[in-house]
Amino acid sequence: MSEEISQKNAELMKKIVSLCKSRGFIFQSAEIYGGLNGCWDYGPLGAELKRNLKEVWWRRNVQERDDIVGMDGSILTHQDVLKASGHVGGFSDPMCDCLLSKARLRADQIDPQSGTVYSYTGASHEESGWSVDKPYSVLLQEGQDANKAKKTARQYYSQFLTDKQISPKKLELAGQETEEVEGVTNFNPENGSLLTEPREFNLMFKTQMGASADENDESAVAYLRPETAQSIFVQFKNVLDTNRMKLPFGIAQIGKSFRNEINPRNFTFRSREFEQMEIEYFCHPDQGMELTDEWLENRLCFYEDIGIPREHLHILDVPDGERAHYSKKTYDIEYEFPFGIQELEGVAYRTDYDLKKHNECSGKSLEYFDDQTKEKFIAHVVEPSAGCDRTVLALICEAFEEETITNEKGKEEVRTVMRFDPKIAPIKAAVLPLLKNKPELVEKAREVQKALQPFMNVFYDEAAAIGRRYRRQDEVGTPYCITIDFETLGEEEGKEDLKDTVTVRERDSMEQSRMPISELLPFLLEKTH
RNA sequence: GCGGGUAUAGCUUAGUGGUAAAGCUCCAGCCUUCCAAGCUGGCUACGCGGGUUCGAUUCCCGCUACCCGCUCCA
């Protein structure tokens, strides 16, 4: 990405974040207390938008399908569940930092190295009297010049210099010692510099169950779930038995999950608390690969359905070695955010890994018996796992547009419009009396509002000129504005036949049409459902 | 976690060692017969905590948050 485009996208993102705040989509969590790192709250319109997304997802995946049922598991999770799944113990990354370049590396991904370690105890600068005592080492591969160790060490020590005018070359190194080593991983392969000790980053939120639980009571430990999936696996048998399900079938769940991300970034994109929309689709082992491809296609259609065109999505076929250890096949569905192409959803073939683990660890049989074939086996599972907040953000980014239009006076102006698909738009229709100082118009408009309100989120507005009110609605993505005027009242001479009709103004085209009030509800239901 | 940047009203910005200006928005009123009209009036801000100072929004230190890069994202 060129510098210019990246600059432009940063500005675009700023505008989106700003609009999200000013129009009540997304606020920073605990803002009046200075904010909570990586946490965000949805305001009135954001809550509607997110609710609509979740409703469409649930409708498409549960309500309209015979083979998927829903559930809603607890967020607090038994520690044994996450021990079995491998999250306790496995869900942390040892990290270390290069003392010289400050690069961060995964300690477990550093190739073992051999060579000569040059160690120093400190450095000094005679002329200025400056000195520092800090142990530091450099690893040199066989055949490298010993001077490289000195050069690297001087560079390292020079970062402590208060007088930046002093050249690293003028530093005197102290206490040089050398040692031959083999298979060590505490040096940066890039430059030979010593790394910090590996630090564990535990990515799970741990808590204590019971108001009087002791902090050191191991048995009281519980976790906030790092994914909704585990509660589905753990309840697999119950759902199977109580709902007479037959393979293949799925269990869907929408809910919050928590991960102690090292570095929350990009607005709501990477948050420590986030909502997932997950399906665990159980099947015969022979069907796994095929179903993974089918689900990928199904999910792409879903995004198209809610207004994210396929051209803005990217499919990443996650290569061997980069997939989770339990996965035989994984597709990432990525979206072109202004801040880069980032993952919205993972469609992963998790094999029988999870059910097998829970089968073993709980001692309860989670096997499936097929009456037809008399076969007994652990079901395999395909998991389409979507990030709800990420999708909301994608919807906002996709919808945002600043349109340049020429007004009646021939002057160019910018119209900010959120082109949400009507299905997910927070407000479906705005009801507007043409003038607010004419009680008959206001009364009629209130009637229309009340008639629509039980069926959808409508908004009544009588403040300011009609044009301004249209633009306000554009900015929050309301697909239709309904205006009650004098013709609606049937008092216009020669236009008595327009009694009880209203102007329907369409957001994207700004075009207006005349419609009887009686047709409004079916029209809007069809367009916004 | 490291490096860099930023923090003034709901939003976007101005400005100053003597507590602050504007545009837009918003609210009230008048007016207004279809795309951010006009007039009058109004609310609202120097992120938090220290220090220096007679006095700090301004200078210094710390913290927090956000943005960018690195890193990370099982």
Side-chain angles (χ1 to χ4, degrees), chain A residues 3 6-7 9-11 13-15 17-24 27-40 43 85-93 95-106 108-109 159 196 199 201-204 226-227 259-267 269-272 274 322-327 332 339-340 342-343 346 348 387 405 407-409 411 413-416 432-438 441 463-475 481 483-489 491-492 502-505 507 510-512:
Chain A
E3 190 94 340
S6 131
Q7 179 72 29
N9 283 335
E11 277 165 28
M13 203 55 215
K14 266 187 193 164
K15 280 181 185 170
V17 172
S18 170
L19 182 131
C20 279
K21 184 179 179 185
S22 64
R23 304 316 304 253
F27 306 124
Q28 180 161 33
S29 189
E31 193 190 74
I32 61 170
Y33 287 102
L36 184 60
N37 182 259
C39 291
W40 305 88
S85 69
H87 287 90
V88 175
F91 196 41
S92 67
D93 300 321
M95 310 281 297
C96 43
D97 298 313
C98 173
L99 288 168
L100 185 66
S101 69
K102 309 297 177 195
R104 168 161 290 180
L105 303 160
R106 280 273 290 274
D108 56 345
Q109 288 179 355
Q159 66 185 314
T196 58
R199 287 186 45 185
F201 286 82
N202 196 336
L203 302 183
M204 278 206 293
E227 60 178 15
R259 294 179 197 178
N260 248 326
E261 297 291 352
I262 295 164
N263 196 353
R265 271 292 164 89
N266 290 330
F267 199 27
F269 183 82
R270 178 165 302 126
S271 302
R272 293 193 165 124
F274 57 98
E322 284 179 35
R323 288 192 300 271
H325 58 92
Y326 50 72
S327 176
D332 285 349
F339 46 80
Q342 299 276 351
E343 182 183 349
I405 55 175
N407 67 16
E408 287 167 343
K409 294 161 199 151
K411 217 175 110 188
E413 57 180 19
V414 174
R415 181 172 82 117
T416 302
L432 318 166
L434 187 58
L435 297 173
K436 76 165 168 180
N437 58 358
K438 299 284 184 288
L441 290 177
I466 190 71
R468 174 183 291 273
R469 280 177 279 162
Y470 285 153
R471 297 301 174 82
R472 271 185 198 153
Q473 293 306 315
D474 289 341
E475 213 171 299
C481 288
T483 302
I484 283 74
D485 56 23
F486 293 96
E487 290 157 6
T488 310
L489 302 175
E491 290 169 359
E492 292 286 281
V502 292
T503 302
V504 176
R505 182 258 194 191
R507 177 194 65 201
M510 300 198 289
E511 275 167 16
Q512 304 181 0

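Each chain gets a letter, A, B and so on, in the order its sequence line appears, and its residues count up from 1.
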Which comes earlier along RNA chain B counting from the 5' end, the contact point of A:M510 or that of A:K438, where each point is its nearest nucleotide?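 On the 5' side of the pair lies A:K438.
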
Result for 5'-nearest mapping on RNA chain B, choosing between A:R469 and A:R323, is A:R469

Taking the side chain of [X] as heavy atoms from C-beta outward, which of [options] is closest to it?
X: A:R265; options: B:C34, B:A74, B:C2; value: B:C2
X: A:N263; options: B:C26, B:U33, B:C70; value: B:C70
X: A:N37; options: B:A65, B:G29, B:C2; value: B:A65
X: A:N266; options: B:C73, B:C68, B:C66; value: B:C68
X: A:R468; options: B:C72, B:U25, B:C2; value: B:U25
X: A:E492; options: B:G3, B:C72, B:U33; value: B:U33
X: A:T416; options: B:G10, B:G29, B:A36; value: B:A36
X: A:F486; options: B:U33, B:A36, B:U32; value: B:U33
X: A:E227; options: B:C73, B:A74, B:U32; value: B:A74

Closest approach of A:F274 to A:P226 (non-hydrogen atoms, all atoms of both residues):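 For A:F274 and A:P226, the tightest heavy-atom pair comes out as CZ-O, 4.2 Å.
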
Testing the basics here: between A:F27 and A:K21, what is the closest heavy-atom pair and its distance to 0.1 Å?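 Closest approach of A:F27 to A:K21, heavy atoms only: CE2-O, 3.4 Å.
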
Find the partner of [N]: check Watson-Crick (N1-N3 plus N6-O4 or O6-N4) and G-U wobble (N1-O2, O6-N3) distances, both under 3.5 Å, and reply none if neither fits.
N: B:G55; result: none
N: B:G42; result: B:C26
N: B:G3; result: B:C68
N: B:A21; result: B:U13

Could you check how far [atom1] of [X] sits from [atom2] of [N], rounded to whole Å?
X: A:R270; N: B:U71; atom1: CZ; atom2: C1'; answer: 10 Å
X: A:L441; N: B:C34; atom1: CG; atom2: P; answer: 12 Å
X: A:K436; N: B:A28; atom1: NZ; atom2: C1'; answer: 8 Å
X: A:K15; N: B:C66; atom1: NZ; atom2: C1'; answer: 19 Å
X: A:K21; N: B:A7; atom1: NZ; atom2: P; answer: 15 Å
X: A:F339; N: B:G69; atom1: CZ; atom2: P; answer: 11 Å
X: A:H325; N: B:C73; atom1: NE2; atom2: P; answer: 13 Å
X: A:F267; N: B:C67; atom1: CZ; atom2: P; answer: 8 Å

At less than 3.5 Å, do the side-chain atoms of [X] and the base atoms of [N] form a donor-acceptor pair?
X: A:E475; N: B:A36; value: yes
X: A:S18; N: B:C11; value: no
X: A:Q512; N: B:C34; value: yes
X: A:H87; N: B:A74; value: yes
X: A:Y470; N: B:C34; value: yes
X: A:R505; N: B:C34; value: no
X: A:D485; N: B:C34; value: yes

Which value, rounded to the nearest 0.5 Å, describes the distance between [X] atom [atom1] and [Y] atom [atom2]?
X: A:L36; Y: A:Q28; atom1: CG; atom2: CD; result: 8.0 Å
X: A:L434; Y: A:I484; atom1: CG; atom2: CD1; result: 9.5 Å
X: A:R415; Y: A:Y470; atom1: CZ; atom2: OH; result: 12.5 Å
X: A:R265; Y: A:R270; atom1: CZ; atom2: CZ; result: 9.0 Å

Can you check the distance between [N] and [M], where both ends of the measurement are the [atom1] atom (answer in whole Å)?
N: B:A36; M: B:G69; atom1: P; value: 38 Å
N: B:C35; M: B:C46; atom1: C1'; value: 37 Å
N: B:U52; M: B:U58; atom1: C1'; value: 13 Å
N: B:G18; M: B:U40; atom1: P; value: 33 Å
N: B:G47; M: B:C66; atom1: C1'; value: 11 Å
N: B:U13; M: B:U57; atom1: C1'; value: 16 Å
N: B:C54; M: B:C11; atom1: P; value: 37 Å
N: B:U16; M: B:A45; atom1: C1'; value: 15 Å

Just to confirm, is there a sub-4.0 Å distance from OP1 or OP2 of [N] to any side-chain nitrogen or oxygen of [X]?
X: A:N9; N: B:C68; result: no
X: A:R472; N: B:C26; result: yes
X: A:Q28; N: B:C66; result: yes

Applying the salt bridge (Lys or Arg N to Asp or Glu O under 4.0 Å) criterion to A:D474, which one of A:R507, A:R468, A:R505, A:R23 satisfies it? A:R505

Answer yes or no: is there an ion pair linking A:E413 with A:R471, defined by an N-O contact shorter than 4.0 Å?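 The answer is yes: the pair qualifies as a salt bridge.
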
Any donor and acceptor pair, going by atom type alone, linking the side chain of A:S18 with main-chain N or O of A:K14 inside 3.5 Å? no

Pick base, sugar-phosphate or nothing for [X], based on heavy-atom distances below 4.0 Å to the nucleic acid.
X: A:G346; result: nothing
X: A:R23; result: nothing
X: A:D474; result: nothing

